[in-house]
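In what follows, a single structure is set out as structure tokens and then discussed.
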Amino acid sequence: MGKVIIAPSVLGCDQGNLAEEALALQIAGADMIHLDVMDGVFVPVLTVGAGIAASIVGRVDIPVDAHLMVQKPANLIKAFADAGCSYITVHAEVTSHLDRLLQQIRTAGSRAGVAVNPSTPVDFLRWVAPAVDLVLIMTVNPGYGGQKHLEYIHDKIPEARRILDSYGGNGALIAVDGGVSETNAEQLRSAGADILVSGSFITGSRDPAAAMEKLR
């Protein structure tokens with residue numbers, strides 16, 4: 001098991017000052033920035049666009065993952081790739097042409113991620129494994145920060161790892177997002193998570209650096 005990657009979500013940060021907030025998280029020890037992009041359709045909330053992503057990318061020296069919680073991600077991929085996002089993650093639930101979407105992300109110059117909601121099985125990964133660079137397993141229903149972590153989703157982590165390794169996953173990383181905190185970080189790592197995405201536990205803390213160390 002390699003070093004865990006800590007990816008704070010900036011959803012709970014000052015939305016008018018996200019580039020500086022992201023820089024502060026990098027200085028505090030973040031390995032990656034997780035940017036929640038919501039369209040008010042696929043999820044009830046409306047958040048940021050590619051312009052904000054570009055501002056963040058221009059301010060930090062660590063990868064930015066644009067998590068597109070949107071109904072029509074194909075329309076946004078080029079903009080977020082042009083913004084410099086290292087990863088662009090789309091939801092499996094929004095398309096019947098997932099392989100095409102993942103290939104579109106790679107062609108645009110970013111690494112391709114796929115996210116799965118709590119009720120979505122991960123067995124589809126066998127058919128897209130070679131096109132995947134990151135699998136984001138949601139342990140809450142997406143749309144709002146601060147939700148209760150769904151522990152029963154943990155079984156998806158080793159299942160996803162097994163499928164990726166068996167079907168040419170090329171070392172794709174597994175991330176977990178939703179209610180991640182010091183109370184479940186060890187379990188998630190033991191299950192095989194490479195990346196811990198955490199929002200309110202880090203950004204709502206008086207000492208984000210200490211919160212990140214607790215996750216490690």
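Note that the numbering runs from 1 along the sequence shown for the chain. Computation of the quantities below employed the complete heavy-atom set of this structure, encompassing side-chain atoms and omitting hydrogens, waters and symmetry-equivalent molecules.
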Quick check: closest heavy atoms across [X] and [Y], and the distance to 0.1 Å?
X	Y	answer
Ala83	Ala50	CB-O, 3.6 Å
Val45	Met38	O-CB, 3.0 Å
Ala92	Leu98	CB-CD2, 4.3 Å
Ile56	Ala22	CG2-CB, 3.7 Å
Val43	Met69	CG2-O, 3.8 Å

Quick one: do [X] and [Y] end up in the same hydrophobic cluster if we chain Ile, Leu, Val, Met, Phe, Trp and Tyr together by side-chain heavy atoms under 4.5 Å apart?
X	Y	result
Leu134	Val116	no
Val37	Ile105	yes
Leu136	Ile202	no
Leu215	Ile33	yes
Val140	Leu196	no

Test of understanding: with side-chain contact (heavy atoms from CB on, under 4.5 Å), list the residues that count as partners of [X], not counting sequence neighbours.
X	answer
Leu173	Ile5, Tyr87, Asp194, Ile195
Arg100	His97
Ala172	Val132, Leu164
Ala108	Ile77, Ala81

Would the distance check show the side chain of [X] and the main-chain N or O of [Y] forming a donor-acceptor pair, the cut-off being under 3.5 Å?
X	Y	value
Gln15	Cys13	yes
Gln71	Gly40	no
Asp133	Ala112	yes

Let me confirm one number: the [atom1]-[atom2] distance from [X] to [Y], rounded to the nearest 0.5 Å.
X	Y	atom1	atom2	value
Leu102	Thr95	CG	OG1	9.0 Å
Leu18	Leu35	CG	CG	7.5 Å
Ser198	Leu188	OG	CG	10.5 Å
Ile157	Ser190	CD1	OG	10.0 Å
Lys214	Ser205	NZ	OG	6.5 Å

_Pairs touching residues 194-216 that satisfy ring-ring contact (aromatic ring centres under 6.0 Å, His included), sequence neighbours left out_ = none
Apply side chain to side chain donor-acceptor pair (under 3.5 Å) to [X] and list each qualifying residue two or more places apart in sequence or on a separate chain.
X	result
Asp36	Ser9, His34, His67
Thr139	His149
Glu151	Gln187
Thr203	none

Under 3.5 Å, side-chain donor or acceptor atoms of residues 118-129 against the rest of the protein: list the pairs with distances, not counting sequence neighbours.
unit_1 : atom_1 : unit_2 : atom_2 : d
Thr120 : OG1    : Glu93  : OE2    : 2.5
Arg126 : NH2    : Tyr167 : OH     : 3.1

_Working for salt bridge (Lys or Arg N to Asp or Glu O under 4.0 Å), residues Asp39 and Lys72_ = CA-CA 9 Å; Asp39 64 355; Lys72 296 182 178 180; over 6 Å; no
*Only one of Val94, Thr89, Val90 passes side chain to side chain contact (heavy atoms under 4.5 Å, CB included) with Leu68; say which it is.*
Val90
*salt bridge (charged side-chain N to carboxylate O under 4.0 Å, His left out) with Lys78: which residues, sequence neighbours excluded?*
Asp82
*asked:* If the condition is salt bridge (charged side-chain N to carboxylate O under 4.0 Å, His left out), which residues does Asp31 pass it with, not counting sequence neighbours?
replied: Arg216
*Are His91 and Pro73 side-chain neighbours, meaning at least one heavy-atom pair lies under 4.5 Å?*
no
*Evaluate the criterion side chain to side chain contact (heavy atoms under 4.5 Å, CB included) for residue pair Ile174 and Arg161; output intermediate values, then yes/no.*
CA-CA 7 Å; Ile174 296 179; Arg161 179 82 275 157; 3.7 Å; yes
